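Everything on this sheet refers to the single structure shown next.
Note: hydrogens, waters and symmetry copies are ignored here, and every other heavy atom, side chains too, is used. Treat the numbers as computed from the prediction; the structure is a model and nothing was measured.
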Amino acid sequence: MTSPDLKGRTAIVTGASRGIGLAIAQRLADDGANVVLTSRKQDSADAAAAQVSGNALGVAAHAVDEDAAQRCVDLTLERFGSVDILVNNAGTNPAFGPLIEQDHARFAKVFDVNLWAPLLWTSLAVKAWMGEHGGAVVNTASIGGLHFSPYMGMYNATKAALIHVTKQLALELSPRVRVNAICPGVVRTRLAEALWKDNEDPLAATTPLGRIGEPADVAGAVAFLVSDDASWITGEAMVIDGGQVLGNAQPFRG
């Protein structure tokens, strides 16, 4: 498959200062898109944009700050003239641990960032541009939204809800706007360090494709989903996990 051609299109990627978000921004820019990268602080947004080849702009916008999100959409239209692609990548997990040990503050934060923010940004992008001109939205969910694991219950609940919301939005916004989700497995990012940093080798050994993920693995899938190659795909949750949800590929040795 050839690299998607995104020339003339403009993408906003939230939570793009590092990790998966930055890799997505880099890939979309490599494929010809103008890219707007958001982060909570302007200096980190600027630093991320400086790493991206092509036309890139860093904008300070906390994912759940509606005024900042609106300013970002307005700046994008002013600078590039369209908002053709939205990648809702910003995420957090302050609620690591058993569900019954969580408090309302952590519950509210993780649902605000992981679920409300994608709804907010999608609404703004659709009302400002996509509703009339069309576009593609990709939400960063997780394989955690498809299964259950110790200490990840709150985070996984937000991702399960995001998968459901993705499908609902795909239905409501069709046919002009396509909405899909990606469900990464364990990827080498700071957010996921607790899952891989001290046990990468055994985790890789039990992953069918033999390694944990890299941000670029996810970025390639996003580039496909927002391109014309995926023009008949909407409401999908694409798993990108090296086979981790399949289970341990090693044969039983009794």
Among the clusters formed by ILVMFWY side chains lying less than 4.5 Å apart, do [X] and [Y] turn up in the same one?
| X | Y | answer |
| --- | --- | --- |
| L120 | L77 | yes |
| L99 | F96 | no |
| I85 | V52 | yes |
| I182 | V35 | yes |
| W121 | F80 | yes |

Judged by modelled atom types alone, do [X] and [Y] share a side-chain donor-acceptor pair under 3.5 Å?
| X | Y | answer |
| --- | --- | --- |
| S149 | N156 | yes |
| N139 | T166 | yes |
| D74 | Q70 | yes |
| D5 | S227 | no |
| S44 | S17 | no |

Nearest heavy-atom neighbours spanning [X] and [Y]:
| X | Y | value |
| --- | --- | --- |
| T76 | S82 | CG2-O, 3.6 Å |
| P184 | A141 | CD-O, 3.4 Å |
| Q42 | A60 | OE1-N, 3.0 Å |
| A223 | P4 | O-CG, 3.6 Å |
| P94 | K109 | CG-CD, 4.0 Å |
| T14 | A90 | OG1-N, 3.1 Å |

Any [X] side-chain heavy atom under 4.5 Å of [Y] side chain:
| X | Y | result |
| --- | --- | --- |
| V165 | L119 | yes |
| D30 | S53 | yes |
| L225 | M238 | yes |
| I143 | H147 | yes |
| V137 | V177 | yes |
| I233 | N180 | yes |
| L86 | V138 | no |
| C183 | E236 | no |

- Let me see the working for V73 and W129 under side chain to side chain contact (heavy atoms under 4.5 Å, CB included), right down to the final yes or no. CA-CA 9 Å; V73 171; W129 181 263; over 6 Å; no
State whether the side chain of [X] and the backbone N or O of [Y] hold a donor-acceptor pair below 3.5 Å, judged by distance alone.
| X | Y | answer |
| --- | --- | --- |
| Q102 | A95 | yes |
| R40 | A45 | no |
| D112 | W116 | no |

Pairwise distance [atom1]([X]) to [atom2]([Y]) - rounded to 0.5 angstrom:
| X | Y | atom1 | atom2 | answer |
| --- | --- | --- | --- | --- |
| Q244 | L209 | CD | CG | 9.0 Å |
| N89 | T140 | CG | OG1 | 4.0 Å |
| N34 | I12 | CG | CD1 | 11.5 Å |
| K159 | N114 | NZ | CG | 4.5 Å |
| R188 | I212 | CZ | CD1 | 4.0 Å |
| H133 | R176 | NE2 | CZ | 9.0 Å |

State whether [X] and [Y] are salt-bridged, where the test is any N-O pair (Lys NZ or Arg NE/NH1/NH2 against Asp/Glu carboxylate O) under 4.0 Å.
| X | Y | result |
| --- | --- | --- |
| R106 | D103 | yes |
| D67 | R71 | no |
| D217 | R211 | yes |

- Does atom OH of Y151 have more than 12 heavy-atom neighbours from other groups under 6.0 Å away?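 Count not over threshold, so no.
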- Take atom NE2 of H164 as the centre, draw a 6.0 Å sphere, and report whether it contains more than 12 heavy atoms from other residues, nucleotides or ligands.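 At most 12 heavy atoms, drawn from other residues, nucleotides or ligands, come within 6.0 Å of this atom.
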- Identify which one of V13, V87, V187 satisfies the side chain to side chain contact (heavy atoms under 4.5 Å, CB included) criterion when paired with I20.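 It is V187, the one option of V13, V87, V187 that forms the side chain to side chain contact (heavy atoms under 4.5 Å, CB included) with I20.
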- Message: Between V226 and L6, does the side chain to side chain contact (heavy atoms under 4.5 Å, CB included) criterion hold? Intermediate values first, please.
- Response: CA-CA 9 Å; V226 303; L6 301 178; 4.1 Å; yes
- Message: Would N93 and M152 count as a side chain to side chain contact (heavy atoms under 4.5 Å, CB included) here? Give the steps.
- Response: CA-CA 9 Å; N93 184 23; M152 296 290 291; 3.8 Å; yes
- Task: Take V179 and L171 through the test side chain to side chain contact (heavy atoms under 4.5 Å, CB included) and record every step on the way to the result.
- Result: CA-CA 9 Å; V179 187; L171 181 65; over 6 Å; no
- Message: N248 vs T206, test: side chain to side chain donor-acceptor pair (under 3.5 Å). Steps then yes/no.
- Response: CA-CA 5 Å; N248 189 349; T206 57; 5.3 Å; no
- Given the rule in the salt bridge (Lys or Arg N to Asp or Glu O under 4.0 Å) test, do R9 and D228 qualify, once you have shown the distances and angles that lead to the verdict? CA-CA 12 Å; R9 303 184 197 182; D228 291 342; 2.8 Å; yes
